[in-house]
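One structure is given below, encoded as structure tokens.
Whatever order the structure lists ligands and atoms in, that order sets their numbers, starting from 1.
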Amino acid sequence: MSKFYDAIVVGSGIAGLSFALKIAEAGHRVAIITKKNSADSNTNYAQGGIAAVTSQTDDVDMHVADTLDAGDGLCDEHVVREILKDGAASIDELARRGVAFTQLDDGRVSLGKEGGHSKRRILHVKDVTGKAIEQALIFGITESANIDVLEHHFAIELITASKVRKAREGAPDDKVLGVYALNSMTDQVETYAASAVLLATGGIGQVYQFTTNPSIATGDGIAMAYRAGVEIRNMEFTQFHPTALYANDSDRFLISEAVRGEGAILRNFAGEAFMGRYDRRKDLAPRDIVARAIDSEMKQSGAPHVWLDARGESAEVIRDRFPNIYDHCAALGIHLEKDMIPVVPAAHYLCGGVKTNLNSETSLQGLYACGEVACTGLHGANRLASNSLLEAVVMATRGAEALKRYLSKAEPESFELPDWKDGDLRDSDERVILSHNLDELKRTLWDYVAIVRTTKRLQRARTRIQNLEREINEYYWNFKVDESLLQLRNMILVAGLIIDCALQRKESRGLHYTLDYPNKCERAEDTKVSKI
Ligand code: SIN
């Protein structure tokens, strides 16, 4: 027996929570499905902040120009303008919801600087901006009588008209009808019916061996959308953050770009401040350029990392602006006022994803996508730092407005949705294979589909991923599903989409750099993958 909501939101980061609040405030019933606790999201890890034009000496045209420049010819300029013009309004909204942006002693808001920005325009809450936003939104969610939060529920599959009646997948009358979700507390798959579903599942960093992303970033929304026949684009553009803390294990703690914004510089093992050899903007060049420069320095010297030198500032200044980073490093014996920080690039953000229009609508009726899972056209081939939290808030607002209009016309389906059928009720006795496969997936992507690519490496990766895909599908159909199996299935699918898009792009642009096609094509075009 299925439970009905006006809207189901899958994911509980800034995009999902903002969207849910707006729909609930309009009197609609909303369920938030989240695979862990509601506070576990990529948003929590955003240190730098949220880019918006709020100062007299800045203007939206400059923010647009910086975004287009970072995006390397692939941004949709109309989309860029529409999203960025709402920056100040989005900041006001977050402040109304209780986010206390850091202020200077004279009462003005403190504005940080990051790579690719020609102005100081990053609003922040010290170096824990994401966490502060998440807390404010969660407070609003817990106060709302119209929102049910289903924690420890793993959304497995979108239920569509084409799956339960005779509509053709991808045809105009196909639409989303709900979600199957595994309740990890009871091990039962539950059926949720809804007039609309928002995917707000965040990114994919976990498909790589080294990532700044938390364990939840496994591309679940992209995988679900793809299986439902929805168009996905530009998956080759994984952004590698230039400065993750180097450690002997696979953990990659983020050292915010804002640290370079305050004057820290990168040095190689010979002590040289090398960025001047790569770009006139030096350490504050856009991320694709800085990450490639570090990769090249490491390859030339054979060193396992480069250094980030923030020793120009006193301990008080650094601790005041970056308390989280300062404490994390200090706990490892790295004292920023006297020690350099060992840093390496790590997978950080996906610029492609589920294609949406400016209303957060996807190609499937009733299905919306917002935040990192979505590809609106704002980021192009390389996201400008701190544009993503802004995109999430603006697109949640636009999507919620569109959904309210949709709900005012939508007629709920009158029939009961079919229950989930488990292929087989046996538990697998070979779970060790899943962890081996996960390991192989992460290494394959890191070794063959990272910062510098070649066609041969991509083809090798594709063969390996196809083998993993065959194996995981066998598991999926033969055993009782659980979270690790479902998650790995999604990650393998997403890895395949990244490789397919990377093979389609016969040029080097933004975050996609291949030795076989080092130049840019004259015409900038999106890559696309879709099941139908
Ligand atoms: C950072 O603080 O460097 C990350 C912010 C972002 O990814 O936009």
Side-chain angles (χ1 to χ4, degrees), residues 13-15 41-52 63 66-67 70-71 83-84 87 90-91 101-102 110-117 120-134 202-205 208 210-214 217 237-245 252-266 281 283-291 294 308 310 318 321-326 328-329 336 341 343-351 353 371-373 378-380 382-394 510-511:
I14 183 170
S41 71
N42 251 1
T43 301
N44 256 324
Y45 289 71
Q47 294 177 353
I50 174 161
H63 193 179
D66 293 344
T67 301
I83 293 178
L84 299 189
S90 300
I91 297 296
F101 290 105
T102 298
S110 163
L111 295 176
K113 194 162 190 304
E114 291 184 61
H117 287 276
R120 283 191 168 267
R121 61 168 76 98
I122 319 293
L123 289 97
H124 60 98
V125 181
K126 303 274 185 188
D127 60 350
V128 286
T129 313
K131 205 177 211 159
I133 294 177
E134 186 82 15
I204 55 100
Y208 283 92
F210 300 112
T211 177
T212 61
N213 292 180
F237 296 122
T238 308
Q239 185 170 73
F240 290 81
H241 196 290
T243 56
L245 181 63
R252 289 294 180 260
F253 176 78
L254 181 66
I255 307 293
S256 175
E257 195 159 296
V259 178
R260 273 176 284 134
E262 296 306 325
I265 48 176
L266 288 159
R281 291 160 289 189
D283 299 85
L284 287 178
R287 276 184 197 167
D288 55 334
I289 295 169
V290 183
I294 295 175
L308 183 63
I318 301 172
R321 173 66 179 87
F322 304 108
N324 181 36
I325 295 172
Y326 186 90
H328 188 95
C329 289
L336 270 55
I341 314 168
V343 290
V344 281
H348 182 61
Y349 191 90
L350 177 68
C351 297
E372 189 172 348
V373 67
L378 172 69
H379 306 311
N382 176 39
R383 176 182 65 109
L384 182 66
S386 288
N387 264 356
S388 41
L389 292 183
L390 176 64
E391 182 190 43
V393 182
V394 173
L511 298 158

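Using a 4.0 Å cut-off between charged nitrogen and carboxylate oxygen, Glu134 and Lys131 do not count as a salt-bridge pair.
By the side-chain contact (heavy atoms from CB on, under 4.5 Å) test, Ala258 pairs with Glu114, Ser256, Arg321, Phe322, sequence neighbours left out. For His117, the side chain to side chain donor-acceptor pair (under 3.5 Å) criterion is met by Arg121, not counting sequence neighbours. Every side-chain contact (heavy atoms from CB on, under 4.5 Å) that Ala52 has, sequence neighbours left out, goes to Thr54, Ile91, Leu123.
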Atom pairs, nitrogen or oxygen, ligand 1 to protein, under 3.5 angstrom:
| unit_1 | atom_1 | unit_2 | atom_2 | d |
| --- | --- | --- | --- | --- |
| ligand 1 | 2 (O) | Gly48 | N | 2.9 |
| ligand 1 | 2 (O) | Ser256 | OG | 2.6 |
| ligand 1 | 3 (O) | His241 | NE2 | 2.7 |
| ligand 1 | 3 (O) | Glu257 | N | 2.7 |
| ligand 1 | 3 (O) | Arg287 | NH2 | 3.3 |
| ligand 1 | 7 (O) | Arg287 | NH1 | 2.9 |
| ligand 1 | 7 (O) | Arg287 | NH2 | 3.3 |
| ligand 1 | 7 (O) | His348 | NE2 | 2.7 |
| ligand 1 | 7 (O) | Arg383 | NH2 | 2.7 |
| ligand 1 | 8 (O) | Arg383 | NH1 | 2.8 |
| ligand 1 | 8 (O) | Arg383 | NH2 | 3.4 |
| ligand 1 | 8 (O) | Ser386 | N | 2.7 |

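A side-chain donor-acceptor contact under 3.5 Å links Arg260 to the backbone of Asp283.
In this structure the side chain of Pro286 never reaches within 4.5 angstrom of the side chain of Leu384, judged on heavy atoms.
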